[in-house]
Amino acid sequence: DIVRIWNKTKTLRGPSKKLVTAVPDLFLTSVKLSHDATGAQYLHAARDDSNNLFSVQFRTTPMDSTGVPHILEHTVLCGSQRFPCRDPFFKMLNRSLSTFMNAFTASDYTMYPFSTQNAKDFQNLLSVYLDAVFFPCLRELDFCQEGWRLEHETPTDPSSRLMFKGVVFNEMKGVFSDNESLYAQHLQNKLLPDHTYAVVSGGAPLDIPDLTWEQLKHFHATHYHPSNARFFTYGDLPLEQHLQQIEKEALSKFERTEPNTAVPPQAHWDKPRVDHVTCRPDALAPDPMKQNTLCMSYLLGDITDTFEAFTLSLLSSLMISGPNSPFYKALIEPEIGSDFSSSVGFDGSTRQASFTIGLQGMAEDNTETVKHIIAQTIDDIVATGFEEEQIEALLHKIEIQMKHQSTSFGLALASYIASCWNHDGDPVQLLKISENVSRFQQCLKENPRYLQDKVQHYFKDNTHRLTLTMSPDERFLEKQAEAEEQKLQEKIQNLSDADHKDIYEKGLQLLAVQSTTQDASCLPALKVSDIEPIIPYTPVQLGTAGGVPVQCCEQPTNGMVYFRAMCNLNSLPEDLKIYVPLFCSVITKLGCGELDYRQQAQRIELKTGGMSVSPQIIPDTDQLDLYEQGIMLSSSCLERNLPDMFQLWSDIFNRLVFFQETEKEIFKSLCKSASARPAGDLQRDGPGEIAELTDLTSVLRKLPRIKRHLLNPENMRCAVNATPQKMSDAAGEVERFMGNIAANRKERKPVRPTVVEVRPLDPQAGSSASRKLISEPHFKPCQMKTSFQLPFNVNFVSECVRTVPFSHADYARYSKHNLGKQLGTSRKVYPAGHR
């Protein structure tokens with residue numbers, strides 16, 4: 001009966017839509033509702049998935065950069081009317097079996113999602129979330145802690161200097177200490193300058209101190225209202241129960257309002273614009289003279305036109321993804337820059353989508369060259385279009401994405417529909433991916449130049465184009481510090497003696513509150529009786545293929561087959577170990593068999609859901625100081641492509657090409673791209689350093705040596721997941737694969753005497769297959785402190801605590817999941833990062 005409170009929804013762009021819609025692409029049924037009294041929108045995705053999800057999102061469209069939606073997101077999580085204890089979300093972690101809890105602030109919406117597999121836990125978390133967002137305490141001290149405040153450096157010493165403090169204030173200082181984040185923010189602000197996208201929704205550090213507590217409360221009253229809310233639930237729990245609880249605990253207490261939160265279309269420019277910004281120099285850059293970024297960004301269509309957005313997203317992928325794409329050939333292969341800018345690609349997060357193309361890690365004198373290459377590449381695409389096989393590979397990728405089952409599917413779904421739904425687009429239409437694919441194929445059939453016409457319209461003839469460059473400024477950090485100090489002094493100069501006294505007293509109050517143990521008894525908690533006493537058992541079968549242990553697991557994989565192989569590196573000489581991450585990053589990208597690197601990349605996209613190789617360390621279940629080292633091979637494919645996937649692996653094992661000039665160049669390019677990523681900068685003898693070598697032969701000669709040790713059936717074990725109907729076919733392909741690579745089998749002695757074969761793969765199966773573990777007899781754990789001096793104004797702090805192995809009776813108490821809940825997750829600590 002509760003459904004009577006809700007009506008069939010109407011979109012702003014069409015007549016009434018059907019209440020219930022089957023979405024066979026995603027194996028779900030959608031129920032779309034609108035609340036009579038408040039106008040709240042609701043979408044339920046009923047699916048056979050026990051990992052149920054709830055989210056509520058509000059359209060939050062600030063008109064200044066004080067960070068009010070971001071600070072509000074933090075502050076509503078500091079206690080509510082029913083649950084007034086501070087930080088109820090954090091305290092729910094050890095009272096819940098949640099699989100996800102968080103909140104996000106985007107440019108134009110704020111979302112609060114959680115997921116859990118337990119029905120009672122879902123009700124508990126729903127109560128906490130509803131009360132937090134609709135009835136928060138919004139105490140002044142919470143605003144001061146989470147947003148910003150003036151406080152003495154030492155709160156108990158009134159003679160110490162005053163300074164800005166606050167969680168969001170320091171968080172955003174950290175965000176904008178990253179050059180890529182700084183550039184992306186400027187790009188959005190300057191491409192969409194007329195409304196909310198012209199400001200920083202997360203907060204600009206120099207603007208955050210202009211926000212008042214009263215403004216925060218007003219923003220909550222006008223934006224966190226059911227009339228401005230979109231509710232989403234997903235999973236196998238009954239919809240009616242969700243509706244009853246939301247009605248009772250939240251919506252029944254509100255009347256409809258008319259929120260003024262809509263984002264108007266950006267006025268189209270009559271001519272392109274050019275702009276420039278600066279950033280801090282990167283002290284770890286491989287080449288100090290190549291720290292410039294240049295991008296061209298184009299304003300596209302409205303994201304609520306779901307088919308046009310779908311088409312433009314596909315077009316973006318065709319233009320930039322992989323070594324066969326036009327812009328990869330034109331911009332990456334000539335090595336003008338270190339990599340694409342992190343802002344490159346299709347962006348559908350704002351009301352009007354955009355496409356950005358450009359480079360980072362380039363020299364300033366290449367600016368005009370890059371502009372010319374971008375313009376010429378667009379001309380070339382308009383003239384010649386794309387190869388049919390490229391389009392086929394991209395549509396195959398979409399098919400894979402639809403069929404792949406992930407444990408966090410509900411969260412991915414909520415994120416996928418958020419932006420379109422936020423601007424009154426139809427979220428159900430967005431989910432009908434097969435319809436869009438069929439329509440896209442029909443458009444190509446009717447007009448072979450369909451994609452070329454889109455490129456002509458949206459890129460060649462588009463006058464709403466921004467060219468944004470960024471270069472390092474040696475005084476950038478110094479200027480930031482001066483501007484902050486000036487802002488601070490402006491605030492201090494306006495303080496009276498009473499204000500000074502009030503700041504000191506509030507600092508002491510906040511310190512006292514932070515030091516007080518909070519009573520969490522008001523929060524709901526699961527009881528033992530609420531939890532299923534038996535964990536579902538997943539049967540596996542152990543066998544062999546060509547003498548290699550194989551684990552087979554029959555699962556409803558929706559027409560997919562998943563393959564993994566672990567190859568230990570116990571026989572690998574010590575001098576080669578440092579190159580294992582590099583080996584993993586390039587081994588599937590250099591070409592193999594009759595395929596060069598471009599053809600291999602195309603084949604992988606056409607026939608698989610991806611092929612990856614990564615370093616792996618697996619701890620023992622019984623002893624903390626035993627572990628296994630190796631590399632993990634992972635891939636997936638549609639059932640019809642099983643032979644093709646294993647043929648690709650066979651060619652990688654048997655017919656890799658290392659020493660041709662083309663492979664040397666792509667190897668160098670891959671190293672440069674890896675060095676452009678932050679992690680690459682911090683690796684000793686990392687890819688960036690390798691890329692700068694004039695002669696790569698010495699490094700390339702190490703890769704075949706690594707291959708002989710690692711891609712060796714003698715050191716392998718495999719796992720296959722497939723449907724019961726396809727498992728025999730999958731097992732047969734694994735058998736053939738092992739036969740194809742049998743020539744690589746060679747028993748090699750461990751290079752360290754500490755390798756011991758002690759652990760059977762399945763103690764209950766009676767199989768002789770075992771894992772070869774490494775022991776560390778001379779390793780003695782001791783307490784130590786380590787510090788790394790890095791040229792960043794963001795500090796990272798972590799602590800490692802030695803506990804117990806998996807099989808220990810106390811493991812559940814001290815596991816990463818549980819201990820993390822008790823101690824909190826890893827945190828970044830920013831300058832003056834006092835809470």
Side-chain angles (χ1 to χ4, degrees), residues 38-40 56-89 103-112 128-151 164-172 196 199-205 207-230 249-262 491 494 499 502-503 505-507 509-510 513-514 518 835:
T38 65
V56 58
Q57 73 178 65
F58 303 94
R59 187 157 58 198
T60 46
T61 49
M63 296 306 294
D64 59 45
S65 295
T66 58
V68 58
H70 187 189
I71 294 172
L72 182 58
E73 176 220 312
H74 280 241
T75 312
V76 301
L77 306 183
C78 290
S80 61
Q81 290 180 13
R82 288 179 62 194
F83 311 110
C85 66
R86 298 172 67 86
D87 210 352
F89 274 35
F104 310 111
T105 301
S107 296
D108 51 19
Y109 69 84
T110 306
M111 176 189 284
Y112 296 83
V128 173
Y129 267 63
L130 291 174
D131 210 55
V133 298
F134 289 113
F135 311 107
C137 293
L138 296 184
R139 292 170 289 231
E140 185 177 11
L141 282 182
D142 295 332
F143 166 70
C144 294
Q145 172 183 278
E146 300 299 323
W148 77 277
R149 66 189 181 278
L150 280 175
E151 189 176 85
F164 289 128
K165 296 182 184 180
V167 174
V168 171
F169 175 77
N170 284 300
E171 179 184 338
M172 296 311 296
T196 189
V199 305
V200 184
S201 64
D207 292 318
I208 289 173
D210 293 331
L211 182 67
T212 68
W213 179 39
E214 294 299 328
Q215 289 171 335
L216 180 89
K217 292 189 290 184
H218 177 73
F219 193 88
H220 177 269
T222 54
H223 290 74
Y224 279 48
H225 188 281
S227 300
N228 193 44
R230 288 156 179 81
E249 297 183 10
L251 301 187
S252 61
K253 303 170 185 179
F254 290 90
E255 298 295 332
R256 185 189 292 263
T257 64
E258 297 297 332
N260 182 24
T261 59
K491 292 284 185 182
N494 294 324
D499 292 332
D502 186 56
I503 288 171
E505 290 176 349
K506 283 183 178 176
Q509 290 175 32
L510 184 56
V513 169
Q514 291 172 342
Q518 293 291 307
R835 288 181 67 88

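Every side chain to side chain donor-acceptor pair (under 3.5 Å) that R82 has, sequence neighbours left out, goes to E249. Among residues two or more places apart in sequence or in another chain, the salt bridge (charged side-chain N to carboxylate O under 4.0 Å, His left out) test is passed with R256 by none. Shown here are the salt bridge (charged side-chain N to carboxylate O under 4.0 Å, His left out) partners of D108, two or more places apart in sequence or in another chain: there are none. Scanning for ring pair (Phe, Tyr, Trp, His ring centres under 6.0 Å) contacts around Y129 gives F89, F114, with sequence neighbours left out. Residues forming a ring pair (Phe, Tyr, Trp, His ring centres under 6.0 Å) with F254 (at least two apart in sequence, or on another chain): F134, F135, H225. Not counting sequence neighbours, the partners of D502 by the side-chain contact (heavy atoms from CB on, under 4.5 Å) test are K506. Evaluation of the side chain to side chain donor-acceptor pair (under 3.5 Å) rule for T66 yields D64 as partners, not counting sequence neighbours. With sequence neighbours excluded, the residues forming a side-chain contact (heavy atoms from CB on, under 4.5 Å) with H74 are H70, E146, V167, V168, E171, listed by chain and number. For the side chain to side chain donor-acceptor pair (under 3.5 Å) test, residues two or more places apart in sequence or in another chain that qualify with T60 are T110. For A106, the side-chain contact (heavy atoms from CB on, under 4.5 Å) criterion is met by Y109, not counting sequence neighbours.
Of all the heavy atoms in C78 and P88, the pair that sits closest is C-CD, 4.0 Å. What you find for I71 and F143 is that their closest heavy atoms are CG2-CD1, 4.1 Å. What you find for S107 and P62 is that their closest heavy atoms are O-CD, 4.2 Å. Considering every non-hydrogen atom in both V76 and A132, the closest pair reads CB-O, 3.5 Å. Considering all non-hydrogen atoms of both residues, S65 and V200 come closest at OG-N, 3.0 Å.
Checked by atom type and distance alone, the side chain of Q518 never pairs as donor or acceptor with a backbone atom of C85 at under 3.5 Å. In this structure a side-chain-to-backbone donor-acceptor pair under 3.5 Å is present from S227 to T38. Side chain of T61 to backbone of T261: a donor-acceptor contact under 3.5 angstrom is found. With hydrogens and angles ignored, the 3.5 Å screen pairs no side-chain donor or acceptor of N228 with any backbone N or O of F58. Panel note: side chain K491, backbone F164; no donor-acceptor pair is recorded below 3.5 Å.
Annotation: the span from K165 atom NZ to L150 atom CG amounts to 10.5 Å, rounded to 0.5 Å. Residue L510 holds its CG atom at 14.0 Å from CD of E505, rounded to the nearest 0.5 Å. Between E151 atom CD and I503 atom CD1 the span is 9.5 Å, to the nearest 0.5 Å. Taking CG of L130 as the reference point, atom CG of L251 lies at 8.0 Å (rounded to 0.5 Å).
Between F104 and Y112 there is no side-chain heavy-atom pair separated by less than 4.5 Å. In this structure, P259 and T222 have side chains that are not in contact, with every pair of non-hydrogen atoms separated by 4.5 Å or more.
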What side-chain donor-acceptor pairs closer than 3.5 Å can you find for residues 212-221, not counting sequence neighbours?
from : atom 1 : to   : atom 2 : distance (Å)
T212 : OG1    : Q215 : N      : 3.1
T212 : OG1    : Q215 : OE1    : 3.4
W213 : NE1    : L138 : O      : 2.9
E214 : OE2    : K217 : NZ     : 3.3
Q215 : OE1    : T212 : N      : 3.0
H220 : NE2    : V133 : O      : 2.8

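Residue pairs meeting the salt bridge (Lys or Arg N to Asp or Glu O under 4.0 Å) criterion with at least one partner in residues 66-79, sequence neighbours excluded, do not occur; the list is empty.
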